[in-house]
Amino acid sequence: MLDLSFVAKNFDTVVARLEARGGKLDLSRFKALFAERKRLHVELEATQARKNKAQEVMKTDASKRAELGPEMKQLGQVIKDLEGQLKALEDQLGGLMMNTPNVPHESVPVGASEADNQVARTFGQKPTFTFTPRQHFEVGEKLGMLDFERAAKVSGSRFAFSLGALARLERALTAFMIDEHSKKGYLEVLPPYLVSRQSMTGTGQLPKFEDDAFKTAGDNELFLIPTAEVPVTNFHADEILEGALPKKYCAFSPCFRAEAGSAGKDTRGLIRMHQFHKVELVMFARPDQSMEALEQLTADAASILEKLGLHHRVVLLCTGDMGFASTKTYDLEVWLPGQGAYREISSCSCFSDFQARRAKIRFRPAPGEKPQLLHTLNGSGLAVGRTVVAILENFQREDGTVKLPDVLVPYMGGLTELKPLG
RNA sequence: GGACAGAUGGCCGAGUGGUCGAAGGCACCUGACUCGAAAUCAGGCAUACCGGUAACGGUAUCGUAGGUUCGAAUCCUACUCUGUCCGCCA
């Protein structure tokens with residue numbers, strides 16, 4: 001959520017920068033609502049002050065109580081009315097702001113769609129093949145290790161069974177990623193996979209994107225996490241962090257997404273699932289250091305791809321392609337030779353104080369100083385399922401086997417390649 | 001699922017319907033003492049908004065939402081959360 005008074009003071013600038021995101025956003029009511037809120041607020045306070053003065057008299061002079069009583073009661077009613085009006089206004093204003101995305105950072109290129117994103121850097125080169133590389137689902141099915149048909153029978157579309165060494169590969173990748181990040185000072189966290197409405201609101205998934213989430217039926221409403229970002233960022237909700245920043249966490253979790261609105265997209269394979277695994281990096285940083293933190297976090301995520309030997313590029317998203325809560329985002333896009341395309345495997349974002357304001361996460365700049373909102377960041381480090389995809393497509397051989405990256409061999413119990421299940 | 005207890009400032013914790021924005025302690029800040037530190041002593045120290053250059057003044061906030069009352073941290077109702085015990089359970 002944006003800061004109300006900041007928006008009020010810099011209205012034209014804020015609107016201009018939000019419009020760079022594209023889409024429709026109507027803030028025309030903002031100014032009128034804000035002014036009316038202020039007027040009501042002043043009036044309410046003046047009335048309350050009058051009542052408090054009279055109250056003071058009654059407190060010391062009991063004889064006036066009977067005399068002033070009825071008038072006080074009436075004043076009380078006026079105050080209640082004003083409070084009601086004020087609350088209605090604040091609800092409207094709040095609703096407006098809850099559905100308003102973050103302001104893009106000045107270093108973000110203005111653009112309408114992913115076509116306007118900028119490639120910041122590239123690692124490695126496209127591998128060459130002496131045969132036509134297959135898509136990952138063909139490789140997986142040929143190995144007998146990937147089963148979409150039975151998953152459809154059991155759960156429906158956008159689910160998969162992994163079997164044998166491929167299932168193990170997913171587990172190995174997870175352990176590898178967490179070990180690498182732990183070495184760099186990220187504290188491993190195993191978070192809850194179900195969270196409250198409040199937590200989903202804190203990180204910005206709600207109220208605007210409720211359709212994208214799975215939630216439990218029944219009285220105890222809980223949401224299946226779409227990413228570990230939600231529980232791990234909210235880990236520090238309503239807190240004042242006293243220690244050194246940035247604080248760094250990494251968390252493995254399954255992620256659940258309804259994928260409403262992506263019907264027809266990536267219908268084959270593991271790219272877009274209702275359930276997938278992800279190792280997430282989360283940082284809490286000082287506002288004056290959050291941009292450096294984003295560079296660091298992005299580099300830390302990319303280092304996994306480097307160690308796996310996967311060709312990829314780092315893309316700076318333009319204003320039109322960023323997520324709702326983000327002020328600046330880098331995507332890591334890995335090369336998939338089977339698809340002949342770069343695909344997102346990690347998204348690293350700085351949210352400035354947008355999430356911190358919603359979730360009330362603050363820090364104390366120095367002992368004795370006032371707490372202030374900090375900046376939150378996160379990024380995938382990496383999406384595990386898509387990493388499996390990348391390995392299958394990049395390291396496949398003509399005979400259908402797949403060479404495993406050297407760094408994973410210890411995690412695979414010495415296994416160096418995937419061979420068809422016998 | 002059943003029974004009971006609780007929710008107060010950064011933390012702990014006291015609190016009688018008006019004298020409570022709230023005792024006391026810890027932490028923190030400033031000063032004194034000291035070569036320096038510790039200890040000790042003195043003072044300061046909640047947040048947000050409004051007005052004011054400022055000093056300062058005003059308003060709200062004691063889990064959340066309501067209610068009673070001229071007046072609520074204090075009484076009533078509902079809700080949420082936490083703790084303890086019992087049951088069930090990986």
Side-chain angles (χ1 to χ4, degrees), chain A residues 1-11 30-31 33-98 190 192-202 206-207 215-223 230-231 234-245 247 254 284 286 353 356-374:
Chain A
M1 189 157 77
L2 302 176
D3 179 40
L4 271 185
S5 54
F6 179 82
V7 176
K9 275 183 204 138
N10 308 281
F11 189 75
F30 180 87
K31 272 187 155 170
L33 285 173
F34 193 80
E36 178 63 3
R37 184 189 76 138
K38 182 158 180 180
R39 190 192 68 72
L40 268 176
H41 192 237
V42 169
E43 188 183 342
L44 172 65
E45 288 201 351
T47 316
Q48 282 166 329
R50 250 203 305 154
K51 192 178 178 203
N52 287 344
K53 278 233 171 70
Q55 217 72 258
E56 202 59 33
V57 173
M58 296 172 85
K59 194 163 35 175
T60 47
D61 185 353
S63 67
K64 301 252 175 139
R65 284 183 195 170
E67 179 194 331
L68 288 172
E71 194 188 332
M72 289 300 97
K73 202 157 193 172
Q74 206 218 330
L75 260 187
Q77 192 53 52
V78 172
I79 288 171
K80 207 177 258 184
D81 287 350
L82 285 172
E83 281 174 344
Q85 291 175 49
L86 191 61
K87 185 168 186 312
L89 267 179
E90 291 195 325
D91 287 350
Q92 283 185 61
L93 218 40
L96 205 57
M97 292 323 283
M98 282 308 249
L190 188 62
Y193 303 150
L194 290 159
V195 296
S196 64
R197 173 169 287 274
Q198 192 182 359
S199 293
M200 289 286 277
T201 307
L206 296 183
K215 63 179 168 189
T216 57
D219 292 339
N220 187 15
E221 179 192 66
L222 288 169
F223 293 82
V230 179
N234 282 286
F235 181 70
H236 285 304
D238 282 311
E239 291 184 17
I240 297 169
L241 305 188
E242 302 279 357
L245 294 178
K247 263 184 179 300
F284 299 85
R286 294 176 60 103
D353 59 10
R357 182 170 293 106
R358 291 181 175 219
K360 294 198 192 70
I361 312 173
R362 294 176 295 170
F363 77 109
R364 203 178 293 282
E369 282 188 39
K370 284 186 181 181
Q372 56 177 269
L373 295 172
L374 48 68

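First the proteins, then the strands, lettered A, B, ... as listed; each starts at 1. As a basis for the values below, the full set of heavy atoms in this structure was taken, side chains included, without hydrogen atoms, waters or symmetry mates.
- Separating the P atom of B:A78 from that of B:G83 is a span of 23 Å, rounded to the nearest Å.
- Checking B:C70, B:G58, B:G10 against every side-chain atom of A:A49, the shortest atom distance belongs to B:G58.
- Nucleotide B:G83 forms a pair with B:C4, judged by Watson-Crick or G-U wobble geometry with both contacts under 3.5 Å.
- Each of A:K73 and A:L44 has a nearest nucleotide on RNA chain B; the 5'-most of these lies closest to A:L44.
- Atom pair A:I240:CD1 and B:C28:P shows a separation of 16 Å (rounding to whole Å applied).
- Taking atom CG of A:L86 as the reference point, atom C1' of B:C50 lies 12 Å away to the nearest angstrom.
- Put simply, the side chain of A:R362 never gets that close to the backbone of A:I240: no donor and acceptor are under 3.5 Å apart.
- Distance from the side chain of A:H41 is smallest for B:C49 among the nucleotides B:C70, B:G58, B:C49.
- Atoms CD (A:Q77) and P (B:C70) sit 13 Å apart, rounded to a whole Å.
- For the pair A:M72 and A:V42, both in contact range of RNA chain B, the more 5′-proximal nearest nucleotide belongs to A:V42.
- Comparing B:G71, B:U68, B:G58 by their closest approach to the side chain of A:E45 singles out B:G58.
- When distances run from any side-chain atom of A:M58 to the nucleotides B:G58, B:C70, B:G10, the shortest one goes to B:C70.
- In this structure, CZ of A:R197 is placed 17 Å from C1' of B:U64, rounded to the nearest angstrom.
- For A:K38, the listed nucleotide lying nearest its side chain is B:G51; candidates were B:U68, B:G51, B:G58.
- Comparing B:G10, B:A48, B:U68 against the side chain of A:K370 picks out B:A48 as the nearest.
- As a whole-Å value, the separation of A:E56 CD from B:G58 C1' is 14 Å.
- Base pairing annotation: B:G9 forms no Watson-Crick or G-U wobble pair, as no partner gives both donor-acceptor distances under 3.5 Å.
- Pair assignment for B:U69 gives none, since no Watson-Crick or G-U wobble pairing has each distance under 3.5 Å.
- With A:R37 contributing its side chain and A:E90 its backbone, the two residues share no donor-acceptor pair below 3.5 Å.
- At whole-Å resolution of the value, CD in A:Q198 and P in B:U64 are 12 Å apart.
- Among the nucleotides B:C70, B:A48, B:U59, the one closest to the side chain of A:Q48 is B:U59.
- Distance CD (A:E83) to P (B:A60): 9 Å, rounded to an integer number of Å.
- With both ends at atom P, the span from B:C49 to B:U34 equals 44 Å, rounded to whole Å.
- Nucleotide B:C45 holds its P atom 15 Å from the CZ atom of A:R364, rounded to whole Å.
- For A:Q55 and B:G71, a side-chain-to-base donor-acceptor distance below 3.5 Å is absent, hydrogens and geometry of angles not being considered.
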